[in-house]
Amino acid sequence: EGRGVRTIVEMINGTRLDCTIGSAAIMRYAVTNAAHHISHRAAFGSPLIDKPLMRAVIADLEAEAETATLMMMRVAGAFDRAAADPVEAALKRVITPIAKYWITKRCTTVVQEALECIGGSGYVEESIMPRLFRESPLNAIWEGSGNVIALDLLRALSREPGARDALFSAIEPARGSDPRMDRAIDALADMIGAISNPDREARRLIETAALVIQGALAVQYGSDQLADVFCATRLGGDWGHLFGTIPPGVAIDQLVEAALPV
C-alpha cells in the first residue's frame, strides 16, 4: 500500500522493452521491403535504387532503423546485466522510457516513408505495408503514451539514485569521436541541469536524450558512415523535416547497400 505507482513502473518496464523491440522490428521490416522494391523497380531507364534522390531517402531510413536497433539492443543489454551491476540497473530504469518514447513514435514516420517508396502497390492490402502502417502507432500507446513516458523519465532522473550518472556512463564513451557528438552531450547535460518547468519541458528533454544516446551508440558500434550521417543530420542540425534530406558531401552508399535484404 502506498507504493502502487512504483510497483507498476517496475513491472511495465519489461513490457516497455517489448514495445521498443516490436517497433524497431517493424521499422526494419518496412525499410527492407522498400529497399527490395526499389532495387527491382525501374523507371526512366534505370532501377529506382540508382536514382540519387531515392538513394538519399533509403539511406536516411536505414540510418533510422539501424540506430533504433542499436538503442533497443542497449536497453535489452541493461536488462540482462541489471541484476549483477548497479550501474546497469540504474541505466535500465532511465534508458527504457527514453527508448520506448522515441522508437515507438518514430516507427510510424518510417513506415509511411517506406510505403511511399513502394508507391501505390504498397498501399493496397496485397502488400504487407498497410498492415505495418496500421500496427505502427500501437506500441507508442501501450504501456504509457508519450506524456506519461516523458514524465516518467523526469521521475527517474529526480528520484532514482544514480540514474543521471548511469545515463551519462552510456554516453560519455562516445566523447571525442566527433565534435557534433561532443556538443550534443554537453547540450544534454546543460538541459538536464537547467529544467525550470518539468511538465512543460519533458518532451524536449526525452527527445534530446534519445538522439544523443542513438548518436553515441552509432559512433561506438555502427559503421563510420552511419555515425557520420547521424551526427550530421540528427545532432548537427543539417537536416530537413522529412527523410531524404541528408546534406551533400555526406557519403551514403554503404547505408543504401545495408538496407537491401540479404
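Each residue takes its place number in the sequence, starting with 1.
- Here T108 contributes atom OG1 and I26 contributes atom CD1; the two are 8.5 Å apart, rounded to the nearest 0.5 Å.
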Quick one: do I213 and R74 satisfy side chain to side chain contact (heavy atoms under 4.5 Å, CB included)? Show the steps, please.
CA-CA 10 Å; I213 292 169; R74 186 62 186 91; 5.7 Å; no

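- Between R175 and D186, some side-chain heavy-atom pair lies under the 4.5 Å cut-off.
- Between P247 and T233, some side-chain heavy-atom pair lies under the 4.5 Å cut-off.
- Checking side-chain atoms of E201 against main-chain N and O of S196 turns up a donor-acceptor pair under 3.5 Å.
- In F79, the CZ atom is crowded: over 12 heavy atoms of neighbouring residues, nucleotides or ligands sit closer than 6.0 Å.
- V75 and L167 fall within the same hydrophobic cluster, where Ile, Leu, Val, Met, Phe, Trp and Tyr residues are linked whenever their side-chain heavy atoms come under 4.5 Å apart, directly or through other members.
- Between P161 and A90, the shortest heavy-atom distance links the atoms O-CB, 4.1 Å.
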What's the verdict on salt bridge (Lys or Arg N to Asp or Glu O under 4.0 Å) for R183 and D190, showing C-alpha distance, side-chain angles and the deciding distance?
CA-CA 10 Å; R183 289 192 292 270; D190 292 343; over 6 Å; no

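- Between R164 and A189, the shortest heavy-atom contact is NH2-CB, 3.8 Å.
- I12 and W102 are assigned to two separate hydrophobic clusters, defined by single-linkage of ILVMFWY side chains at heavy-atom distances under 4.5 Å.
- Side-chain atoms of R55 and L255, non-hydrogen and from C-beta on, never get closer than 4.5 Å to each other.
- With contacts defined as side-chain heavy-atom distances shorter than 4.5 Å, the pair L235/M181 qualifies.
- Rounded to the nearest 0.5 Å, atoms CD (Q112) and CG (L132) are 13.0 Å apart.
- The cluster map of Ile, Leu, Val, Met, Phe, Trp and Tyr, joined by side-chain heavy atoms under 4.5 Å apart, puts V111 and Y123 in the same cluster.
- Ionic pairing of E88 and R93 is not present here: no N-O contact between side-chain nitrogen and carboxylate oxygen is shorter than 4.0 angstrom.
- Residues T245 and D238 are not in side-chain contact: their nearest non-hydrogen atoms beyond the backbone lie 4.5 Å or more apart.
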Is there a side chain to side chain contact (heavy atoms under 4.5 Å, CB included) between C117 and L61? Walk through the geometry before answering.
CA-CA 11 Å; C117 290; L61 289 171; 4.3 Å; yes

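- Using cut-offs of 30° and 60° for the angle between ring planes, the W239 and F243 rings count as perpendicular.
- Heavy atoms of other residues, nucleotides or ligands lying less than 6.0 angstrom from CZ of R204 number 12 at most.
- Distance check, rounded to the nearest 0.5 Å: CG of L115 to NE2 of H37 gives 10.5 Å.
- Within a 6.0 Å radius of CG in D80, other residues, nucleotides and ligands contribute more than 12 heavy atoms.
- What you find for A114 and V31 is that their closest heavy atoms are CB-N, 4.4 Å.
- Under the side chain to side chain contact (heavy atoms under 4.5 Å, CB included) rule, L260 has a single partner from I58, T32, I49, which is I49.
- Among all heavy-atom pairs drawn from A24 and I103, the shortest one is N-CG2, 3.9 Å.
- To the nearest 0.5 angstrom, I149 atom CD1 is 12.0 Å from L154 atom CG.
- At most 12 non-hydrogen atoms from other residues, nucleotides or ligands lie less than 6.0 angstrom from CE of M73.
- One hydrophobic cluster, built from ILVMFWY side chains closer than 4.5 Å, cannot hold both Y29 and M27; they sit in different ones.
- Of all non-hydrogen atoms in R234 and L211, the two that sit nearest each other are CG-CD2, 3.8 Å.
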Begin with the C-alpha distance, continue with both residues' side-chain angles, and end with the deciding distance and a verdict on side chain to side chain contact (heavy atoms under 4.5 Å, CB included) for M129 and N33.
CA-CA 8 Å; M129 301 303 289; N33 272 280; 4.0 Å; yes

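- Atom CD of E143 sits about 10.0 Å away from atom CG of N13, to the nearest 0.5 Å.
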Before giving the answer on side chain to side chain contact (heavy atoms under 4.5 Å, CB included), spell out for L226 and L70 the whole-Å C-alpha distance, their side-chain angles and the decisive distance to 0.1 Å.
CA-CA 11 Å; L226 173 65; L70 285 170; 4.1 Å; yes

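- Salt bridge K105/E207: absent, no basic N to carboxylate O contact under 4.0 Å.
- Taking 4.0 Å as the cut-off between side-chain N and carboxylate O, D152 and R16 count as a salt-bridged pair.
- Between D199 and L151 there is a side-chain heavy-atom pair separated by less than 4.5 Å.
- Both I192 and I171 belong to a single network of hydrophobic side chains, linked directly or stepwise wherever heavy atoms of I, L, V, M, F, W or Y lie under 4.5 Å apart.
- Taking 4.0 Å as the cut-off between side-chain N and carboxylate O, E135 and R131 count as a salt-bridged pair.
- The pair R180-D228 counts as a salt bridge, with a side-chain nitrogen and a carboxylate oxygen less than 4.0 angstrom apart.
- Proximity of V219 to C231: side-chain heavy atoms (C-beta onward) are separated by under 4.5 Å at one or more points.
- The two residues R134 and P137 come nearest to each other via the heavy atoms O-CD, 3.2 Å.
- Of the possible donor and acceptor atoms, one in the side chain of Q220 sits under 3.5 Å from a partner among the backbone N and O of A216.
- Atom NZ of residue K92 and atom CG of residue L17 lie 9.5 Å apart, to the nearest 0.5 angstrom.
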Stepwise side chain to side chain donor-acceptor pair (under 3.5 Å) test for S23 and T104
CA-CA 5 Å; S23 291; T104 61; 5.1 Å; no

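- Side-chain contact between E66 and F230 is absent, with no heavy-atom pair separated by less than 4.5 Å.
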Take E126 and S121, measure what side chain to side chain donor-acceptor pair (under 3.5 Å) needs, and give me the verdict at the end.
CA-CA 8 Å; E126 285 76 8; S121 62; over 6 Å; no

